[in-house]
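What follows is a set of notes on a single structure, which appears directly below.
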Amino acid sequence: MAASISGTVKVLCRLSPSFLHPFRQYQSCLQRLPVRTCPGLSRFVPPSHFFCKAASLQDEDAAQAAEALSRYKDRPWDYLESEEYIERYGTNPLWAGYRRNHKGGIPPQKTRKTCIRGDKICGNPCPICRDPNVIIHHQNVKLLQQFISPHTGLAYDPTRTGVCMKQQKELHEAINTARDHGLLPSQIPYVEFSGEDYSNSHDAVGSTPPPQSLTSGEAWYRWYGEIKPDENDVAKVKKTYKAYLK
């Protein structure tokens, strides 16, 4: 029994450098890593715990972004007055300087149907799809005015703004709803009438003259009585419609 124990001790002593070498390497690696430990933890902890502060900061940033997104979802017009919007776009509209990714030097004649299909987002999405804080709403008047021409009062063509067809349809609906609610002006052509009646002032729209007095036996058109139809043509017509003639 004593001999077996002594043998195992000798074997362990011979193999101890092979067991201690990985541990020494791990300890040296720990000394080289930057010290970012959390309070209350010992120095010899797994490396995943060294970045707890960075993970907590990322979680706080994500929470703040989610809070801002929820706030702008309830009140989307507040985003256009925020510092984030001014820092990103300045005084220019959303679509200023936008260029769609395409092959060659000639841009496509039509915009995309949609930029987001399920979980897939296309490369360089349109100005509205690329910013999740931009929400189309009929009360978001400042956003709608960026897509309306001040000269004609009509919405810009999507080939100019680069907006996809899905967002362009929502823009048209929001603009029409805002005009119905009186939030956007509607340009209606105005014609000032003097009160006079112009319906009978021109010969083309004048009143119909009374019919001429006719004597019995005379046709309305005098030339109609001078026309004599061809007998062969009359015979053909009678033969064709013989079953219907009485």
Side-chain angles (χ1 to χ4, degrees), residues 93 95 98-118 120 122 125-129 136-141 143-246:
W95 50 270
Y98 173 79
R99 184 181 183 276
R100 175 183 171 183
N101 291 340
H102 58 83
K103 294 182 180 179
I106 301 175
Q109 300 301 316
K110 293 183 180 180
T111 57
R112 302 186 186 96
K113 292 183 179 180
T114 179
C115 300
I116 302 174
R117 297 182 179 180
K120 297 181 180 179
C122 65
C126 73
I128 297 179
C129 293
I136 299 175
H137 196 271
H138 68 274
Q139 293 182 356
N140 197 356
V141 179
L143 175 64
L144 301 179
Q145 287 177 348
Q146 295 181 5
F147 296 90
I148 299 176
S149 174
H151 307 288
T152 61
L154 302 176
Y156 287 121
D157 193 81
T159 56
R160 179 177 181 180
T161 58
V163 178
C164 62
M165 301 307 297
K166 180 180 179 180
Q167 300 292 348
Q168 184 72 13
K169 183 179 179 180
E170 294 184 2
L171 275 173
H172 282 295
E173 293 178 356
I175 290 171
N176 294 333
T177 306
R179 285 174 176 170
D180 293 340
H181 287 73
L183 301 176
L184 287 176
S186 300
Q187 296 185 1
I188 301 175
Y190 175 74
V191 179
E192 185 178 357
F193 295 97
S194 60
E196 299 180 4
D197 187 10
Y198 296 96
S199 60
N200 298 330
S201 62
H202 197 272
D203 295 338
V205 294
S207 59
T208 305
Q212 301 177 1
S213 59
L214 300 175
T215 59
S216 60
E218 292 184 359
W220 177 266
Y221 302 103
R222 295 179 182 180
W223 54 267
Y224 186 77
E226 299 176 359
I227 296 177
K228 294 181 180 180
D230 190 3
E231 295 180 359
N232 296 330
D233 295 339
V234 173
K236 290 180 181 179
V237 172
K238 287 183 178 180
K239 184 178 180 181
T240 304
Y241 298 98
K242 183 179 180 180
Y244 302 98
L245 297 176
K246 293 182 181 180

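No experiment lies behind these values; they were computed from the predicted model shown. Along the sequence shown, residues carry numbers from 1.
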- Could you go through the side chain to side chain contact (heavy atoms under 4.5 Å, CB included) check for Gln145 and Leu184 one step at a time? CA-CA 8 Å; Gln145 287 177 348; Leu184 287 176; 3.9 Å; yes

- Query: Between Ile227 and Pro229, what is the shortest heavy-atom contact and its length?
  - Reply: O-CD, 3.9 Å

- Query: Which heavy-atom pair separates Cys126 from Gln167 by the least distance, and what is that distance?
  - Reply: SG-CG, 4.2 Å

Between [atom1] on residue [X] and [atom2] on residue [Y], distance to nearest 0.5 Å:
{"X": "Asn140", "Y": "Gln146", "atom1": "CG", "atom2": "CD", "value": "8.5 Å"}
{"X": "Leu144", "Y": "Asn176", "atom1": "CG", "atom2": "CG", "value": "10.5 Å"}
{"X": "Asp230", "Y": "Lys236", "atom1": "CG", "atom2": "NZ", "value": "8.5 Å"}

- Report the residues that fulfil side chain to side chain donor-acceptor pair (under 3.5 Å) with Thr159, sequence neighbours left out, ordered by chain and then residue number. Asp157

Show me the donor-acceptor pairs, under 3.5 Å and distance only, between side chains in residues 168-175 and residues at least two apart or in other chains.
from, atom 1, to, atom 2, distance (Å)
Gln168, NE2, Tyr156, O, 3.2
Gln168, NE2, His172, NE2, 3.3

- Item | Contacts of type ring pair (Phe, Tyr, Trp, His ring centres under 6.0 Å), residue His181, not counting sequence neighbours | His138

For [X], check side-chain contact (heavy atoms from CB on, under 4.5 Å) against everything at least two apart and list the hits.
{"X": "Pro125", "result": "Cys115, Ile121, Cys122, Cys129, Arg130"}
{"X": "Thr152", "result": "Ser149, Leu154"}
{"X": "Val237", "result": "Tyr241"}
{"X": "Lys238", "result": "Val234, Leu245"}

- Residue pairs involving residues 98-109 (criterion side chain to side chain donor-acceptor pair (under 3.5 Å); sequence neighbours excluded): Arg99-His102

- Take Ile136 and Phe147 through the side chain to side chain contact (heavy atoms under 4.5 Å, CB included) test and state the conclusion after the steps. CA-CA 11 Å; Ile136 299 175; Phe147 296 90; over 6 Å; no

